[in-house]
Amino acid sequence: MDYQPRDIEQKWQKFWEKNEIYKVKNDPSKPKYYVLDMFPYPSGAGLHVGHPLGYIASDIFSRYKRLSGFNVLHPMGYDSFGLPAEQYAIQTGVHPADSTAENMQRYREQLNKLGFSFDWSREVNTSNPDYYKWTQQIFIWLFESYYDKTLDKAAPISNLIAAFEKGGSAAVNAVNSNEGSFSAEDWKNFSAKEKDDTLMSYRLAYRKVGYVNWCEELGTVLANDEVKDGRSERGGYPVVQKPMMQWALRITAYAQRLLDDLESVDFSEALKVQQRNWIGRSEGAQLFFQLEGHDSALEIFTTRPDTIFGATFMVLAPEHELVEVLTTADQKKSVSEYLHYVESRSERDRMTDVKTVSGAFTGAYAIHPFSGKKIPVWISEYVLAGYGTGAIMAVPSDDERDNRFAKHFDLPIIPVVDQSAFPNAEIGDKIGTMINSDFLNGMSVKDAIKAAIDEIEAKEIGTKKINFRLRDANFSRQRYWGEPFPIKYDSNAVTHIEHQLPLALPPLDNFQPTSEGHSPLARVSDWVITSDGMTRETDTMPGFAGSSWYFLRYMDANNSEDPFSQEAVNYWQDVDLYLGGAEHAVGHLMYSRFWHKFMHDLGKVPTKEPYKKLINQGMIQGVIENVYMLKERRESKLIFVSADRIQEFGGEENCAQVPVYVGFVSNYGNPDSYLNEEGIEQFRNWRPDNKEAIFETNDKGQLLTHSEVGKMSKRYHNVVNPDDVVAQYGADCFRMYEMFLGPLEDSKPWNENGISGVSKFLRRFWSLFYDQQGNWIVDESAPNAKELKALHTTIKGVNNGLKSFSFNTCVSDFMKSVNELKEIGCTKRAVLTDLVLLIAPFAPYIAEELWNALGNKDSIFNQTKFPTHNEAFLVSDTIEYPICINGKKRASLELPADMTQDAMKAEALALDEVKKWLDGNSIQKVIIVPKKMINIVI
RNA sequence: GCCUUGAUGGCGGAAUUGGUAGACGCGCUGGACUCAAAAUCCAGUGGAGGCAACUCCGUGGGGGUUCGAUUCCCCCUCGAGGUACCA
């Protein structure tokens, strides 16, 4: 029998499906292990070879855990709500549900070919009403909760109402965006609308005025990634920030917990740092500067209250609400000119050009709270409205930016930190001794910060304050293809919950947003107006709603009573291993951690964190092959020039680089890739314009191309479909090759240079069982010591590789093992049986086939005997020791494994070759590294 | 700028974490089989020198610790990813 991957793979695919081999039960008698992939958005383009990298790795690990006796949950599903499907609907009129269903079908077919052990009976699909019903339910829970600071967890809104009735706003210690305070009496007298508004400012899911990207010309709201440099990506029309009522989630209430619990999870340091930066905790003081001639005070945040005596001016963000109030008559002109200038600058200008110092004086003065001096109030764009209070006290002596500003506008600089004892310290480093600072003089910066805060609190001009960069999450999208909010408003605009779930999306055929920037849902009047005369919310939830809890649904995917049962979640607990791309480092991971903590507060999940361990697999990039095309034409014909000849044609600046389909290119991905005669012919026929083109080839008749590494994308004509690779080499080969390519977490360009080696390996592996005539050659006799050593070396290597997620070395170990067994002519059943089990996670099809051929009736994946190595087979009676003189190998000596170090030393020194090297030198030391080497120092 | 990473043959990458650097694969060279090719198999393959045994040099560069450094420490160069007037 020949190795025919196609036949084998089809055969076992059917077998697995028919016998439901991968169906997982919630079986408390077995230890659980949960392996999760970040579920894909089913895009129209289908899978390319980069997508399955993580799925292959997670599948290998799942199968390994399963073979080791664990009950493994390894599900798959689709993140199927989202913008692209809606955009496609706008262009083509095809309903997103239809295009999405088609794409999911295609994904599933592609995935199945690759031999994944997904339990499809647990498939999750975020746009299915059976699923989003529960997303809506969780939203309702968020809506009906507030964050109690005393309990440090979420609590029901009903508790809050009870407290308000008893003691007004003072009766609760809760996270909120409410400004005023009120008594129990006030609360009782509030109108329904006032009560609603008040509660809204406490709810974890709440409504507030937020800003959206509004494009007047297109008459629509745009997502952030549809806006480029302040203009719409499509059409290039101006985009403005327009205030609209928006739903938001109070993730900020969880900022500290999200930060603290990072300590308990196994994420890469890089990712933890990203999350920490995103949360952006900073400790400092919030304090007030009295404004001269005004009743109000200016509130600022600073992390350096110790430097307060160096504060020589104040700076407000141009958008600060006090700017208009403070500006004096004679400064009006320059301030409005400056505001005009700021407005003219795009977001991008502000970001790229951070060096330019600009600003304007308002004419107003603040009073320094300690010295009582008048200090001028300026405005400048380097102070951001969105952070802290949008105002700062500027300390030019100890802050780089303030310093630049002061020098530019010739403002006074008072040194307050003496850093002379620390020559390497730079401005702003929290190190040194306080000077010119009244009661702080002589203190270290660290002590001074504490003392300053104490004094500020004593004088009641401010408080110690922890500030977070993290913002509440905007939860509204003016779109159709998302979860509708289970919310409706009565005639007084009071918010009500829609309890009848799911609140399904109504049918629709016009997907354009309305001219007011509302979701197309707003046009479906019989849906918007409910039978009880209320008006529905027409915004929908963003993409991260459904993906924030999908991993919990897999635990109990077909439950129609609850999102998941307590039994299921108590058994599966959390995700043991989560694999996905690093692009979700902050978004998805932060939101789902937040939701999980919220559900934990409600007692619905037992764990504090959703994911124990996370691995970010690298991207498989594409190779982009470009041909050089001259900018000018000859007799209206295009001219393509070989890369080695472009100097003759005026160099790079006279050429454009045109990406060409990689299939035409010989040697693609290598520095000397080129189009040969055949490639040129294919390229000619590729595009009508190329038909008559002139090709300036080199003297070998080749048109050299220029290769670079980049995204795999239709645009670059470099998409490689896994189906094609599988058709040629088989899925087992594809799986092993993707692993063999390099470490899981590294990004690497796709190339097929080495795939023949893996393919050859699989055929050689097969040839341990069948000879060239197809005869079964497995030997029933017991393996000898040499064979057992070879086997157990492999078992050890593969197990270590699996545990450390270096699957590339596992593949190498297999190759080495087969080479060795071939060399010693071993086809012993006992050895091959273990080898088949060992390879099963990597190459499930060939393993299943050979397992069956070995006479086993049941699927190999129902075994729980993954081989573990026996150290006894690895140690031999004697060990070959290299003997080094001063680190250089000079001889070698075979010694019994159990020899004492003294005896080894004596043996080594007695060796004639060693004596020759020693020759008159005195020995300083002999270092014996057991099982490794002997080093003699002379 | 800051943070996180990384740098090893012609290429992808190994190295049990301080112990014979370059496993495994690709590519390349030579050979066997073949009319021939493909496939397969065998041998070689870091560099320099030597007929050879062998010698010297070699893990981005420079220094250090050590009997011994790809591995640990300091400085520098370059690459990748993230992030940015965050007060």
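Chain naming here is simple, since letters A, B, ... match the order of the sequence lines and numbering starts at 1 in each. Just so you know, these numbers come straight off a predicted model, no measurement behind them.
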### Message
Strictly below 4.0 Å: does A:R401 bring a side-chain N or O up to OP1 or OP2 of B:C86?
### Response
yes
### Task
Take the protein atom NZ of A:K748 and the nucleotide atom P of B:A80, then report the distance between them rounded to whole Å.
18 Å
### Query
Is A:E871 paired with A:K796 through a side-chain N to carboxylate O contact shorter than 4.0 Å?
yes
### Nearest-nucleotide pick for A:N935, side chain only, options being B:G19, B:C85, B:A87
B:G19
### Message
Can you tell me if A:R469 touches the phosphate of B:C85, counting only side-chain N or O atoms and a distance under 4.0 Å to OP1 or OP2?
### Response
no
#### Entry: N/O (side chain, A:R304) to phosphate O (OP1/OP2, B:A87) under 4.0 Å
no
### Query
Does B:G79 have a Watson-Crick or wobble mate here (both distances under 3.5 Å), and if so which one?
B:U5
### Query
How close or far is atom P of B:C42 from atom CG of A:N819, stated in whole angstroms?
8 Å
#### Entry: Pairwise P distance for B:U5 and B:C73, with rounding to whole Å
12 Å
### Query
Under 4.0 Å between a side-chain N/O of A:R764 and OP1 or OP2 of B:C41, yes or no?
yes
### Message
If I take atom CG in residue A:L271 and atom P in nucleotide B:C3, what distance separates them, rounded to the nearest angstrom?
### Response
18 Å
### Task
Quote, to the nearest angstrom, the C1' distance that separates B:G46 from B:U20.
16 Å
### Task
Select one nucleotide: of B:C67, B:U16, B:U5, the one nearest the side-chain heavy atoms of A:E269.
B:U5
### Message
Strictly below 4.0 Å, N to O, side chains only: are A:R401 and A:E381 in salt-bridge contact?
### Response
no
### Query
Any idea if B:G9 is syn or anti, going by the 90°-from-0 cut?
syn
### Strand partner of B:C41, provided both Watson-Crick or wobble distances fall under 3.5 Å
B:G31
### Query
Is the shortest side-chain N/O distance from A:K760 to OP1 or OP2 of B:C26 below 4.0 Å?
yes
### Query
What nucleotide among B:C3, B:C85, B:A87 has an atom nearest to a side-chain atom of A:Y387?
B:A87
### Query
Are any of the side-chain nitrogens in A:K748 or A:E738 under 4.0 Å away from the carboxylate oxygens of its partner?
no
#### Entry: Residue matched to B:G25 through Watson-Crick or wobble contacts both under 3.5 angstrom
B:C11
### Distance between C1' atoms of B:G12 and B:C28 (Å, rounded)
16 Å
### Task
Could you check A:F814 against A:F765 for side-chain contact (heavy atoms from CB on, under 4.5 Å), going step by step and ending with a plain yes or no?
CA-CA 9 Å; A:F814 284 125; A:F765 182 62; over 6 Å; no
### Message
I'd like the C1' distance from B:A23 over to B:A15, given in whole Å.
### Response
7 Å
### CZ/A:R6: more than 12 non-hydrogen atoms of other groups inside 6.0 Å
no
### Query
In the structure shown, which nucleotide is the Watson-Crick or G-U wobble counterpart of B:C72, with both distances under 3.5 Å?
B:G64
### Task
Quick one: label A:V929 by what it contacts on the DNA or RNA (base, sugar-phosphate, nothing), any heavy atom closer than 4.0 Å.
base
#### Entry: 5′-ward residue of the pair A:P743/A:G754 relative to RNA chain B
A:P743
### Message
Side chain of A:I392, heavy atoms from C-beta onward: which of B:C24, B:A87, B:C85 has the nearest atom to it?
### Response
B:A87
### Query
Taking the same atom, C1', in B:U83 and in B:U17, what whole-Å distance lies between them?
32 Å
### Query
Is any side-chain N or O of A:K931 under 3.5 Å from a base N or O of B:U16, one able to act as donor and the other as acceptor?
no
#### Entry: Whole-angstrom distance between B:U71 and B:A14, as gauged at atom C1'
14 Å
### Message
Apply the syn/anti split at 90° from 0 to B:U17 and say which one it is.
### Response
syn
### Query
Which of these nucleotides, B:G12, B:A87, B:U4, is closest to any side-chain atom of A:F740?
B:G12
### Query
Given atom CG of A:N277 and atom C1' of B:C3, what is their separation to the nearest angstrom?
7 Å
### Summary
With the side chain defined as heavy atoms from C-beta on, A:K925 is closest, among B:C67, B:U4, B:A14, to B:C67
### Message
Assess, by modelled atom type and distance only, whether the side chains of A:R763 and A:S759 contain a donor and an acceptor separated by less than 3.5 Å.
### Response
yes
### P spacing across the pair B:C57 / B:U70, given as an integer number of angstrom
13 Å
#### Entry: P-based separation of B:G68 from B:G19 [nearest Å]
14 Å
#### Entry: Spacing of A:N467 atom CG and A:T389 atom OG1 [to the nearest 0.5 Å]
8.5 Å
### Watson-Crick/G-U partner (both atom distances under 3.5 Å) of B:C56
B:G47
### Whole angstrom value for the distance that separates C1' of B:G68 from CE of A:M933
7 Å
### Below 4.0 Å: OP1/OP2 of B:G25 and any side-chain N or O of A:N753
no
### Message
Of the listed nucleotides (B:C26, B:U5, B:A87), which one gets closest to any side-chain atom of A:S756?
### Response
B:C26
### Query
Between A:G390 and A:R890, who's closer to the 5' end of RNA chain B by nearest nucleotide?
A:R890
### Message
Distance check needed: B:U5 P versus A:Q617 CD, whole Å only.
### Response
20 Å
### Query
Rounded to whole angstrom units, what separation is found between the CG atom of A:N616 and the P atom of B:G82?
12 Å
### Task
Please check the phosphate of B:C24 (OP1 and OP2 only) for any side-chain N or O of A:K816 closer than 4.0 Å.
no
### Interatomic distance where CD belongs to A:Q274 and C1' belongs to B:C86 [whole Å]
17 Å
### Query
How about A:H869 and A:N799: do any of their side-chain heavy atoms sit closer than 4.5 Å?
no
### Neighbour count above 12 (heavy atom, 6.0 Å) for A:E823 CD
no
### Message
Please classify the nucleic acid contact of A:I927 as base, sugar-phosphate, or nothing, using heavy-atom distances under 4.0 Å.
### Response
base
### Message
Quick check for you: among B:A14, B:C67, B:A87, whose closest atom lies nearest to any side-chain atom of A:N808?
### Response
B:A14
